Amino acid sequence: MKRMAACLLLCVGAIMPQDVAQDVAQEHPRTFQSQAKVVQVPVVVTGKDGKTVVDLTLGDFRVLDNGIPQQATMDDFISGLPPISLAIAIQSSGTSKLALQKIRQIGNMIQPLVTGARGQAAVVTFDKEITWLQDFTRDSGKINGAVKSLTAARPAGARMFDAIAQVADRMRQRPGRRVLLLMSEGHDQGSETKFQQAMEAVEREGIQVFGAHYSSYAMSWISKPEDFPDQGELNEMFFNQLARLATENPVRAMALASGGSDFPFLRERGIEDAIERLGAEVYSQYILSFPQRGDAAGLHQIEITVPNRPGLRVRSRRLYWAD
């Protein structure tokens, strides 16, 4: 159970930007610098009608860490959200040929709808090999060109977990919000990395996972915000159903654990709709942050509520792991 729970936990290390650190070091050469770890929690709040609630302030939220109230800070879509580093990981094995024909059409949607002018995106494919078609860039033309160049490989294979591990490694020094979009059939074939290792890599680097599936499993995902499980259902799913869920649909398991979503695309405009919904999701989040408690290593449960606005539904990460 402890091992299973650890795979669901995600914490974010807030690291001082390199240029700032260098300036401080030059000014105070004999002063040791420390890195303050914070827990970053993207939160989506919806009403009973499923519509996003956009008028909340920090004072509306109550944040508990293992039952202890926390002094949090907040970024939102009104005051300005941190820039996004988006890695788009796309399955490119032979079975993905038809899906790739549709995916090639969405390259020019990434910047205006998801990353914006301040964010960056990268494109990586995985089959029997892992290929970085484009490293992180703000250049919309390069992003679109990389997506348009997608081709299906003949050999079977889908090293999804290995690709996730590589993405996590490249995300390590990325500023702002870290987002992974997985476009795949949802199952791994041939990775040396195991699911637990891939999940831990995502947790350690504070990456929020979103899926865009074209497999039969996509229909099993309830993707409307108003249909997302409530707190009790999520806790039960975390602790009692993760092993089964990870076996059936590991991308969905990662999305649920990291506070992301899983968007199916089976219809003609399905992939375009998935990108539009991803953009709406990341720009409707409140980003709450609070210092990681240094006196309590291990599993922590996060509870975020809006006590003065009954009837609202809060969706966020529920757990994190303190080293």
Side-chain angles (χ1 to χ4, degrees), residues 3 6-8 10 85-104 106-107 110 121-136 143 146-172 174 178-218 221 242-258 260 262-265 271 274 278:
R3 187 176 182 88
C7 288
L8 287 172
L10 192 152
S85 290
L86 171 68
I88 309 170
I90 305 169
Q91 183 175 332
S92 54
S93 55
T95 56
S96 303
K97 185 175 182 179
L98 294 178
L100 292 178
Q101 292 179 3
K102 296 183 178 181
I103 294 173
R104 291 189 195 101
I106 56 89
I110 299 301
V123 182
V124 58
T125 61
F126 58 92
D127 41 69
K128 288 192 72 174
E129 304 293 335
I130 298 171
T131 305
W132 286 83
L133 299 180
Q134 176 61 55
D135 209 340
F136 288 97
I143 299 168
V147 174
K148 282 192 172 183
S149 71
L150 292 169
T151 57
R154 288 187 177 181
R159 292 172 54 198
M160 181 172 65
F161 296 156
D162 286 346
I164 292 171
Q166 284 198 21
V167 167
D169 185 65
R170 292 207 183 191
M171 286 277 199
R172 186 165 293 132
R174 301 297 305 174
R178 301 165 184 175
V179 178
L180 168 60
L181 173 60
L182 277 168
M183 297 184 179
S184 72
E185 294 179 292
H187 288 274
D188 182 88
Q189 299 177 34
S191 283
E192 295 181 3
T193 306
K194 304 303 181 185
F195 170 77
Q196 289 183 333
Q197 295 171 317
M199 186 71 248
E200 181 177 352
V202 166
E203 294 167 359
R204 296 296 180 185
E205 302 309 325
I207 299 170
Q208 191 173 21
V209 178
F210 291 85
H213 286 159
Y214 44 86
S215 71
S216 59
Y217 290 111
W221 175 245
L242 176 63
R244 176 189 59 78
L245 183 60
T247 300
E248 294 181 358
N249 193 329
V251 177
R252 181 185 173 190
M254 288 188 180
L256 184 63
S258 65
D262 195 4
F263 306 124
F265 79 91
I271 184 58
L278 171 61

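One-based numbering along the sequence shown. Here the structure is a predicted model, which means the values were calculated and not measured.
Arg178 places no side-chain N or O within 3.5 Å of a backbone atom of Val202 that could act as its donor or acceptor partner. Judged by distance alone, the side chain of Thr193 and the main-chain N or O of Ala198 form no donor-acceptor pair under 3.5 Å.
The heavy-atom pair separating Ala253 from Phe195 by the smallest distance is CB-CZ, 4.1 Å.
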Quick one: do Arg170 and Val124 satisfy side-chain contact (heavy atoms from CB on, under 4.5 Å)? Show the steps, please.
CA-CA 11 Å; Arg170 292 207 183 191; Val124 58; over 6 Å; no
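Looking at residues two or more places apart in sequence or on another chain, you find a side-chain contact (heavy atoms from CB on, under 4.5 Å) between Ala201 and Ala168. Not counting sequence neighbours, the partners of Ser191 by the side-chain hydrogen bond (donor to acceptor under 3.5 Å, both in side chains) test are Asp188. Scanning for salt bridge (Lys or Arg N to Asp or Glu O under 4.0 Å) contacts around Arg174 gives an empty result, with sequence neighbours left out.
In this structure, Met254 and Leu180 have side chains that are not in contact, with every pair of non-hydrogen atoms separated by 4.5 Å or more. Using a 4.5 Å heavy-atom cutoff, the side chains of Ile110 and Val123 are not in contact.
How far CG of Leu100 is from CD of Gln91: 8.5 Å, rounded to the nearest 0.5 Å. Rounding to the nearest 0.5 Å places CD of Glu200 at 15.0 Å from NZ of Lys194. Here Ile90 contributes atom CD1 and Ile106 contributes atom CD1; the two are 6.0 Å apart, rounded to the nearest 0.5 Å. Rounding to the nearest 0.5 Å places OG1 of Thr151 at 10.5 Å from NZ of Lys97.
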What pairs of donor and acceptor atoms, side-chain ones from residues 126-134 against any protein atom, are under 3.5 angstrom apart with sequence neighbours left out?
| unit_1 | atom_1 | unit_2 | atom_2 | d |
| --- | --- | --- | --- | --- |
| Asp127 | OD1 | Glu129 | N | 2.9 |
| Asp127 | OD2 | Ser92 | OG | 2.6 |
| Trp132 | NE1 | Gln166 | OE1 | 2.9 |

